[in-house]
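Okay, structure first, notes after.
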Amino acid sequence: MENKKLTQAQMDTKWTELGDFFRRKSIWMLMYCTGCCAIELPQAMTSAYDMERLGMGPMATPRQADVLLITGYLSLKTLRRLVYTYEQMSEPKYVVAFGPCVINGGIYHDSHAVLNRLDHYLPIDVYISGCMPNPESVMNGFTDLMDLIKNKTAVGWKNYRDNNEWYKKNQMDALGEVFVHDEFHE
Amino acid sequence: MNPVLLIAIPLLFAFLSIMNKKFARPLLLVALLLDVYLVFTISKGLYSIGGFSQYGINLLVDQYSLIGLMVVNVVFFLTVVTNCKEVKRLSTVLLVALAGVNGLLLTNDLFNLFVFLEIVGISAYLITSGNKRPLATFNYLVQGTVGSGLYLLGLILLYSMTGTLNMALILPTIVDKAIPLSNLALPFMLMFIGLGVEAKLLPFNSWVKGVLQNANALTSVLIAGVFATTIALTFGRLLSTVFVLGSISNIVLVILAVTMLAGEVAAFASKRIREVLLFSAIAQSGLIILLFANGLVIPAIMLIIANIVSKYILFTITGKMVDGTKTDEIESLQGVFSKNKLVGFAFTVASLSVIGLPLFFGFIVKLNILTSLFSQYQLFLSALILVVSLIEGTYFVKLLIKLWYSVGEVKTFKVDALVKVVTLIFALGLIVFGVYTKPLTDSLMTVPEEMMEAIAERGNF
Amino acid sequence: MSVILMSMLIGLGVALFGFTLQTTIGGINRKVVGRMQKRYGPKWYQEFLDIFKALSKRAISHGWIYDFGVIMAVGGITATAMFMPITDSLVAFAGYDNFFIFVYLLAVGMLGMAMSASGSGNPLASIGVMRALTQMLAYEVPFMVVVITIIKVSGTSSLTGIMEFQQANGWFALSLPIGFGVAFLSLLGMLGKKPFETYIAPSEIASGPMVEYGGKQLGLLFVMHEIATFIEVSLFVHLFLGGASNIIEFLAKYFIVYTVANLISNLNGRFKIDQVVVFFYKWPLALAVLQAIWVLWR
Amino acid sequence: MFSIELVVLSTLLAGVLAYIVSIKLPKLGSYLTILASLAVFSVLAYFGFNNNLDAEVNLIPQFVLFKTSMFGLYFAIIVSFIFFMVSFFNPYFIKDYKYPAAYNLFYLMALAGTIGVFFASNFITLFIFFEIVVWTSMFLIPLGKKRKPTVTYFVFSTVGSFAMLYAVMFTFSITGSFDLAAISVLSGKSALLVYILLAVAGFAKLGAYPFYVWLPKVLGKSPDPVSAVFSGGIEKLGAFIAFMAILRISPASIYLEAVGMYLQNYVIAIFGAITIVVGTLQAIRQDDAKKLLAYSSASNGGYILVAIAMSSSISLTGAMYHILAHALASTAAFLAIAVVHYRTKTTKISELGGMIHHMPLTYMVYLMAIISMAGIPPMGGFISKWLIFQAVINKQMIIVAVATFFGSIGSFLYVFRPLAALFLGQKLPKYKGVKEAPFLMMIPLIILTLGSFYIGVIPNQVIDFSNKVIAEFGFGPLLMNEFGIQGANGTLSAPIIASVFGLGVVVIAIIFFILPKSRKVGLMDTYTSGEFIYTEELLHYSADFYAPFERLYPAKPLISKVYAMIKEKVNELGRFFKYWFFTNKPEVTVLWIVLILTLLVWGDIL
């Protein structure tokens, strides 16, 4: 029994390694556009910078996507949805965070509604700096992610799996327990 | 055995019953039993009464009247037996009616026919007075009187032309004297209308609704079953052996066709069970007379038999049902048969037979009618018959489904074991004859010949 | 028996060829579109990368019907492709390349995918399937009317037979120009190109039937999409452009048809689904019927 | 040797026996129906295939006359098979009926009636059994939810059977014979009349336009086994009559060069086409799964009509094949829905969801059934549709072709609706604990599915049989070789298609299982744009499935308004007669008498 499980895990690793070869040239994004940084994505995608030449493209649902883009500050209310979305993505999956807000809250650091350190809640693979980051830095961030995949150092999703309790605890602390479960109450 | 006993015994017993009211009902039963016995023992032939044969006062027993007598007397008997309670007051009237009915079937004389028609008519008025709807009875009385008056008028005209009242002699006389058809149109039309009132033909039948709408089991079976059959048979004999329709045949056919159509359509539009049945009866009698008018005697007799049996079942059960539940709205009778399955079965069989579905007698009748009509190449008429029987089927099926399946609470009613047995036997009879009809068709085979024989022999065989 | 086994192997080869061809041409077309939009565009083999990446991912499954539907879809489409002639001599099952097989075997694939998508439990997938089926009802009828004209004129429903007929008597694209136009519109509908891509509508119903797919199921559905595109475009080439007598000719015709369709697609917006139905049932159907009557009942 | 009359009579007797038994023990009686229909089917199939059925014996003298023909045998075997299959469902539904004993009686009587129709040697026998089927099956209907469809069914069936009766009698009045062959003697206008009337009879029973109205009402509302029997069995009587009418009578009329057929056949084909389109459009918008299948039955009847009207070897084989394929598939579909109904007490698609997780086998049966109904290989429906398309193209009937293609593609739409919304989709919590079909119900489901699959892969036996049938109508056989059916413009090889399909699936399945294993997630763990939804019903797309498409055409078919109007007119006429002739005023009657006499006298004088 133990033996077989190991093989399953090994198989998965093998597939991931094989997949990494393709993945670094074909990254599909899911854009979680909550903040102002989202405005920089259109330039990066269209004629001026043409993200598609790197094999990147937008996708409609988390199931299809490889990378989750968090563009800017994250309010408490959206964290729950972000986590839900992240957990719906299939592995391997990466997170790219835009701007300073995801690191320390940025200019909203003293707001009661904004989370200051996103990596307490989700594993971030790449931060892109700038408020807002200009398209060049966005593109730079993506090539960094590709390099990380190539070097097998983009391991945020493994961290999330391994330290899941820690992440869950942080998420719980931030959100608190909600008892009413229906369409209007979370 | 002399057939005059069939008339004489009930009349005699009627007088006796007036003397002692107590014995009225037993007397009625005895008379009926005797009549039933007699019907099955009399032999065929022409019987003259009291030496008046030269005036044509005589009784004719041929296959036609024999079948009629059997059916009518048996059903009359069963009707009385199954409705003992209602009979009490009416025993004398019923005895008179019995005499009239037998007389109508036996007589071979146009004037005697009028007399018996009046006897039957008067007893019918009296019977319907039991409905406690005086206006309807009065209506019936007025129309019946007008009808028989017209009949008498026509009769007088005919007598003045031909000089005879013997039914068997009229047709030969007309041929002998070469009376023009246009002269004959009026008397025959008058007689047709006169009988049409009793036979429930369309414009002359407004009495039917008032009478049958409120009738109990006894009255409705007598009026719609026994009397209707008698009148139909009488009418049939006149149409096939006496009347020369000639120029009025178109009017007659239109009247009959419209009767049929109107009856079915009106039944379709009705919401009360008795109303549905009475309109259906009107349509059926229209069809019967229509067949006679087209010279289709055998199918007509078959239809008459099928009709009286199914009408007996339908009206008896309906009467009991209305008595028990105090309503005749179909909507409030829903599901009654779920508590009275045997009665429901009989009712269902009867209505399926009326619709003309196979395995039931009605189907054989319908098939016969259509075959005969088509052999005359009557395309339009047969199409009409099919259309109206589609309408008929529709409302009967609607009725059946409503009576078997309930939506709300179900009303209940009690039926005597005797009624159950009789209706069931009749229902089974409909099924048996629906599969195996040979004896009946064989016995009917000779009817038209014998009818014509009487004419050929000029009433002197 | 060995003949059939051989045919089946050839058929699998055809399916593989079709997949490779369409994936390559799809990639090239992405580049073409990129250039048209003044972009550099992806690599020509980008589609292969995408598909293999998806296949290697660890996906989720919503139950057995979700997986079974995918297998049935791709299997059905593969089977369809196995009947497809590439040139007039290169055909796996000679004599059995009946037009109706393509129409109906294609439907197995569609049904499998629809089933799998609905089985995911996502309402958006069901909506997408609903739109896809409605659209199918719209484009298929005019197309079929044009095709029966062709079958009746050429006297055979075998694709190689139709090819040979055209090689002898000229292309149907020229002899039946109206039908050619109608069929091209239908082709756009079949391929799900704009303006008829309502059932995908990524920003509206999150890519419709595909909404729940990721990983290998998504990869297989991409494979299916490529093969289906191969079948549809080849059908068009064989029916209207005289087929091909050698493989180069086929590749050239194929590339032109697909590229033109793709370019047209990139110039259009998106119809609503009821607009699609009304669109196809107005002029294309009327023209197809009129042409059929003109050609056949004359 | 086995006599047909004995089969019919013993079925009737078995019905009576089942009735008597089920007065006290309804369930036992329903098991009797299984045995009886099994006996009927096996006797017919065994002796029929060996040409050993005896038509001469007359147990009841002079009542009915039989004869054997491959044509009748084909229908009789199919229909008795359907009755047999459906009878497995009787024991489970019998307790819901108000009159269980009557159900068992009428079920077997209807079976006896259908057998009688197919083996009748003259029209009177045919009509007798036809009407027996009508009224016995009529009484099966109200045992379900609603009473009203009974009357609708009666009216439409009776229109049909009276049209037939009129035709029969009319033929009799001309030829003096009730023999089945008599209609082919007719010529000219009378032939045309008989042709039209018999076609009306076939249309009414088959549920073709404009008589299709009864199908959804009856099939949608009657008890589930009854719906299945109607769709798979009794409806096929209409096809039987239509076959006889269209092929045996040849009224002189205009020959249409363009489509290579006579005008009257073309008109029938057009009616068939209208049936297909109307049935399809209405089926697409039904919310009740049974009604949906009912409209689909109507639409499939349209295919049969189109095929018969084309009168060629291919089209007739197509018609015969379609009758079989549709009987199997539609019965299977109805029975699958019956299982769902039995377990969940509803057939409304919008109330159901995720049934596949409770009843996977039923789902597979339904799936295979709809694959056949939509004409997708490798099921039987594909071959019949292929044959019909071949014929349509060959006759270049463009307008009809549009309808057939529309119906064919449209059938994907409507059959998919229950599949997606009833069986698939979210697993609704209110049906928690719903179980798979009981064992006895599974038997027919599996047999029907296998049968449907078998005729879709190996059509040779069926085509052999139908070749014999169409030979009786004077058509040449459809050519076949080892692998394929020779059509008008191509060859179809069902075994190759099936095996290639199998190969494709196997190859892909192998690839699928080599690829990394998937992680199982629940149905509620699905993309919702990050929204949290905990209610299954809200994530289930089932109501108004094709809303955008349905918006494009009116909800109520025009023809049902016409029927409502006719009913209202008859009512009005009735009230008119009641008002003018059945009053309580004697003077009105006297007025009428005077009027008639005046008319008479006036007529005579003038």
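Below, chain A is the first sequence line, B the second, and so on; all start at residue 1.
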Quiz item: chain D heavy atoms under 4.5 Å from C/L106: which part of the residue, side chain, backbone, both or neither?
Solution: neither

Practice problem: Please state whether the side chain, the backbone, both or neither of D/I376 comes within less than 4.5 Å of a heavy atom of chain C. | Solution: both

Quiz item: Quick one: does D/Y546's side chain get under 4.5 Å of C/L133's, heavy atoms only?
Solution: yes

Quiz item: Measuring heavy-atom distances to chain C, does D/V507 have an atom under 4.5 Å in its side chain, in its backbone, in both, or in neither?
Solution: side chain

Quiz prompt | Proximity breakdown for D/F416 and chain C, heavy-atom pairs closer than 4.5 Å | solution = side chain

Self-check item: Region of C/Y281 that comes under 4.5 Å of a non-hydrogen atom in chain D
Solution: side chain

Quiz item: Among C/T78, C/V70, C/L105, C/I273, who wins on heavy-atom pairs under 4.5 Å with chain D?
Solution: C/L105

Quiz prompt | Pairwise distance CZ(D/F406) to CE(C/M144) - rounded to 0.5 angstrom | solution = 13.5 Å

Practice problem: Indicate the atoms forming the closest heavy-atom contact of D/L424 with C/S118, along with that distance. | Solution: CD1-CB, 3.7 Å

Self-check item: Region of C/M130 that comes under 4.5 Å of a non-hydrogen atom in chain D
Solution: both

Quiz item: How close do C/H62 and D/D525 get, heavy atom to heavy atom, and via which atoms?
Solution: CE1-O, 3.2 Å

Self-check item: Toward chain C, the part of D/L419 with a non-hydrogen atom under 4.5 Å
Solution: side chain

Quiz item: Are side-chain heavy atoms of C/I65 and D/F423 found at a separation under 4.5 Å?
Solution: no

Quiz prompt | Engaged part of C/L12 at the chain D interface, taking heavy atoms whose separation is under 4.5 Å | solution = side chain

Self-check item: Pairwise distance CE(C/M8) to CG(D/L503) - rounded to 0.5 angstrom
Solution: 5.5 Å

Quiz prompt | Heavy-atom side-chain contact between C/F100 and D/K385 under 4.5 Å | solution = no

Quiz item: Where on C/V129 is there a heavy atom nearer than 4.5 Å to chain D: the side chain, the backbone, both, or neither?
Solution: side chain

Quiz prompt | Approximate separation, where rounding is to 0.5 Å, of C/I71 CD1 and D/I508 CD1 | solution = 9.0 Å

Exercise. Enter the distance from C/I151:CD1 to D/N394:CG here, rounded to the nearest 0.5 Å.
Key: 11.0 Å

Quiz item: For D/T528, is it the side chain, the backbone, both or neither that has a heavy atom under 4.5 Å from a heavy atom of chain C?
Solution: neither

Self-check item: Closest approach of C/Y104 to D/A374 (non-hydrogen atoms, all atoms of both residues)
Solution: CE2-O, 3.6 Å

Quiz prompt | Contacts with chain C made by residues 359-366 of chain D (heavy-atom distance under 4.5 Å), listed by residue number | solution = D/P360, D/Y363, D/M364

Quiz item: Heavy-atom distance under 4.5 Å to chain D: side chain of C/F83, backbone, both or neither?
Solution: side chain

Quiz item: Could you walk me through whether C/E140 and D/S408 pass the side-chain contact (heavy atoms from CB on, under 4.5 Å) check?
Solution: CA-CA 10 Å; C/E140 199 82 50; D/S408 172; over 6 Å; no

Self-check item: Portion of C/F68 that has a non-hydrogen atom of chain D nearer than 4.5 angstrom
Solution: side chain

Exercise. Using a cut-off of under 4.5 Å on heavy-atom pairs, state which of C/R131, C/R58, C/K57 scores highest against chain D.
Key: C/R58

Practice problem: Side chain from CB out, backbone as N, CA, C, O: work out which of these in C/S126 comes under 4.5 Å of a heavy atom of chain D, or both, or neither. | Solution: both

Quiz prompt | Top contributor to chain C contacts, counting heavy-atom pairs under 4.5 Å, from D/I356, D/I393, D/V505, D/I284 | solution = D/I393

Practice problem: Look at C/T149, C/V74, C/I293 and state which one has the largest set of heavy-atom pairs under 4.5 Å with chain D. | Solution: C/V74

Practice problem: Identify which part of D/F501 has an atom lying under 4.5 Å from any heavy atom of chain C, answering side chain, backbone, both or neither. | Solution: both

Quiz item: Between C/G119, C/G11, C/G63, which residue shows the highest count of heavy-atom pairs closer than 4.5 Å to chain D?
Solution: C/G119

Quiz item: When rounded to the nearest 0.5 angstrom, what is the spacing between CG in C/N122 and OH in D/Y541?
Solution: 12.5 Å

Exercise. Pick whichever of C/A73, C/G161, C/A107, C/S158 has the most heavy-atom pairs under 4.5 Å with chain D.
Key: C/A107

Practice problem: First locate atom NZ of D/K520, then atom CH2 of C/W64, and finally report the distance between them rounded to the nearest 0.5 Å. | Solution: 11.5 Å

Quiz item: Which atoms form the tightest heavy-atom contact between C/V141 and D/F405, and what is the distance?
Solution: CG2-C, 4.3 Å

Practice problem: Go through D/L367 and C/L111 one step at a time and tell me if the side-chain contact (heavy atoms from CB on, under 4.5 Å) criterion holds. | Solution: CA-CA 10 Å; D/L367 176 67; C/L111 182 68; 4.2 Å; yes

Quiz item: Highest number of heavy-atom pairs under 4.5 Å with chain D: which of C/V108, C/V145, C/V211, C/T80?
Solution: C/V108

Quiz prompt | Atom group of D/A509 that falls short of 4.5 Å from chain C, counting heavy atoms | solution = both

Exercise. Kindly give the heavy-atom pair with the smallest separation between C/M136 and D/F412, and that separation in Å.
Key: CE-CE1, 3.2 Å

Exercise. Against chain D, label C/S56 side chain, backbone, both or neither, depending on which of its atoms sit under 4.5 Å from a heavy atom there.
Key: backbone

Practice problem: Side chain from CB out, backbone as N, CA, C, O: work out which of these in D/I398 comes under 4.5 Å of a heavy atom of chain C, or both, or neither. | Solution: both

Practice problem: Go through the atoms of C/M115 and report whether side chain, backbone, both or neither lie under 4.5 Å from a heavy atom of chain D. | Solution: both

